[in-house]
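This report concerns only the one structure given below.
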Amino acid sequence: MFALIAAFAATSYVMTVVLMAIATLAALSKPFAEEIAFVRNIRIILDILASLVAEIPLHLLALKLLKIKVASFFGAFNYTVAWLAYFIDVACIAGLVLLFIESMREQEVVEEAIKDLTGGEPADPVESILSVPYIKRVFNFFWSPEDVILHPNITYATNEESAEAIASTNDYDQPRRMALDIFKWSKAPANAGLRPVVVHIHGGAWTMGDKDCFYPYQKMLIEEDNWIVVNIGYRLAPKNPYPIHLIDIKRSLRWIKRTIRMFGGDPDFIVLSGDSAGGHLASMAAITANDPQYQPGFEDVDTSVKGVISINGSLDLLNDPAYADWFSTKVAMKGKVDVDLLRAHSPAEAVLQCKDKAMAPHLLISGERDCIVDVSQSERFKSAYDEAAGEKNSQCTLLKLPGAHHVCHMSWSPRAFYLSRMIQVWCKHIYAKGK
């Protein structure tokens, strides 16, 4: 019986070591991840695993040490293969330590970006996440500030729009997607006046995801700057082919501009943010502000915004064959790649049509190890934005994080803390200029 338990412990240990070794190598090396994950779905899964390893290495290190103790207790190391796996495990431990050091070094990258944004030394140096009172966020990666009020699941669609959503899909669950959550600080001073608003659009390849994640940067903006935060949902493909996604974003803006002052928000200062596909929708909503073809039934409503934050956003659909095919056939539900559609709805192309027009400032945050949305998409968008605005007049800021993967922003880690500080400084910067 003991031999059977030891064999099971050895097998389990070896399997977890191999999985962790692959994830750690993928977290450290983008070429390695791209070489072993040549299929899109496998690449997505691997990059999410790599993101997890890169963002919470200390937690995984603690679990790894515990796992070694448990494996030893049950006799796993009576088997040679487990001993061989142990030496791989030691290398993984070193990799986790290196990943934590890399994430701490993102502080320097963010400080330089803030200097470029503000034209000099930042007024407030970026604190280390290891300083009090922030260190608790390293250990509790779901930490949230106290005294946040949540107003959940507010429908932004009209009755007619909800009825149409049901009729077009024969799915009574569709109107639930057309809803938003509002977060605000309960300790806001009575004389604070109307506060700026950041509206987040979730990612998920335009086909999945929801509005229920409360992001670190949002927690900072609420707790430290008394911003109003709105997370919006929208209908998804394949039941709802694009541009229904974009139309829903504009419907939510219609509701926010009409109603957000009841929650203390300023309808005249709204910033859109989004990650992955949400970054695409945020940028497209800004580029097509007040375009009547995407505002059916509310053509005269002002849907302009004061800025856009894209976190690993899908900003160039035309020059990546895999993205061009996916967006055309799986999102817009076309029979083949539609070049005209991609030109009109790829932000890196669409922004070129904004020459001689006022363009919303953009903050682009991209991970250089992201295997799902390559950093080159943000680079191409910035080049196009600079061309359209004129490089001297450009209000497009690109922050490239050397060690970041696709979902580096979703839970507390040193990297998420520092990129959240960058977002906070950028938001304050454009708010000061736009008031």
Is there side-chain contact between [X] and [Y], with at least one heavy-atom pair below 4.5 Å?
X      : Y      : result
Val271 : Pro361 : no
Pro414 : Phe100 : yes
Met178 : Tyr234 : no
Val199 : Ile249 : no
Asp316 : Ser376 : no
Leu281 : Tyr242 : yes
Asn312 : Cys408 : yes
Trp412 : Ile56  : no

Under 3.5 Å, is there a donor-acceptor pair linking the side chains of [X] and [Y]?
X      : Y      : answer
Asp275 : His200 : yes
Ser328 : Lys334 : no
His429 : Thr118 : no

For this output row, return yes or no: ring centroids of Tyr86 and Trp83 closer than 6.0 angstrom.
-> yes
Ring-ring centroid check Tyr217 His409, cutoff 6.0 Å =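 Tyr217 vs His409: aromatic centres not under 6.0 Å.
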Could you tell me the separation between the [atom1] atom of [X] and the [atom2] atom of [Y], rounded to the nearest 0.5 Å?
X      : Y      : atom1 : atom2 : result
Lys250 : Thr288 : NZ    : OG1   : 3.0 Å
Leu25  : Phe32  : CG    : CZ    : 4.5 Å
Ser252 : Ile154 : OG    : CD1   : 12.0 Å
Asp340 : Leu318 : CG    : CG    : 10.0 Å
Lys211 : Asp181 : NZ    : CG    : 3.5 Å
Tyr215 : Ser273 : OH    : OG    : 8.0 Å

Stepwise side-chain contact (heavy atoms from CB on, under 4.5 Å) check, Arg415 with Glu55 = CA-CA 7 Å; Arg415 184 174 292 108; Glu55 300 311 315; 2.6 Å; yes
Using every non-hydrogen atom in the two residues, find where [X] and [Y] come nearest and quote the distance to one decimal.
X      : Y      : value
Leu341 : Ala332 : CD2-CB, 3.4 Å
Asp266 : Ile260 : C-CG2, 4.1 Å
Leu364 : Cys396 : CD1-SG, 3.7 Å
Pro402 : Glu106 : CD-OE1, 3.0 Å
Phe77  : Ala82  : CE2-O, 3.6 Å
Tyr385 : Ala360 : OH-O, 3.0 Å

Test your reading of the model: is there a side-chain donor-acceptor pair from [X] to the backbone of [Y], 3.5 Å cut-off?
X      : Y      : value
His59  : Val138 : yes
Gln174 : Arg235 : no
Thr303 : Asn290 : yes
His405 : Ala54  : no
Asn240 : Leu236 : yes
Asp47  : Cys371 : yes
Ser310 : Gly279 : no
Gln295 : Phe298 : yes
Thr329 : Asp325 : yes
Tyr418 : Ser103 : no

Could [X] and [Y] be called an ion pair, given the rule that one side-chain N must be under 4.0 Å from one carboxylate O?
X      : Y      : result
Asp386 : Lys382 : yes
Asp248 : Arg177 : no
Arg421 : Glu224 : yes
Asp374 : Lys30  : yes
Arg137 : Glu223 : yes
Lys400 : Glu379 : yes
Lys115 : Glu112 : yes

May I ask you to check whether over 12 heavy atoms, not counting those of [X], lie within 6.0 Å of atom [atom1]?
X      : atom1 : result
Glu368 : CD    : yes
Lys67  : NZ    : yes
Met15  : CE    : no

Can Leu363 and Met422 be said to form a side-chain contact (heavy atoms from CB on, under 4.5 Å), step by step?
-> CA-CA 9 Å; Leu363 171 63; Met422 177 69 194; 4.0 Å; yes
Could you point out which residue of Phe381, Trp326, Tyr323, Phe327 forms a ring pair (Phe, Tyr, Trp, His ring centres under 6.0 Å) with His280?
->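 The option that passes is Phe327.
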Any chance you could lay out the side-chain contact (heavy atoms from CB on, under 4.5 Å) test for Arg369 and Glu102, step after step, and finish with the verdict?
-> CA-CA 12 Å; Arg369 290 182 186 163; Glu102 282 187 343; 2.9 Å; yes
Look at the rings of Phe183 and Phe214 and say which category their plane angle falls in: under 30° parallel, 30 to 60° tilted, over 60° perpendicular.
->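 Phe183 vs Phe214 ring planes: parallel.
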Validate the cation-pi geometry between Lys306 and Tyr431: distance from NZ or CZ to the six-membered ring centre under 6.0 Å, angle to the ring axis within 45°.
-> no
Please test Arg380 against Leu315 for side-chain contact (heavy atoms from CB on, under 4.5 Å), starting from the C-alpha separation and ending with a verdict.
-> CA-CA 8 Å; Arg380 285 193 288 268; Leu315 301 177; over 6 Å; no
So among Val148, Asp147, Ile222, Ile228, which one has a side chain to side chain contact (heavy atoms under 4.5 Å, CB included) with Lys184?
->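 When side chain to side chain contact (heavy atoms under 4.5 Å, CB included) is applied between Lys184 and each of Val148, Asp147, Ile222, Ile228, only Ile228 qualifies.
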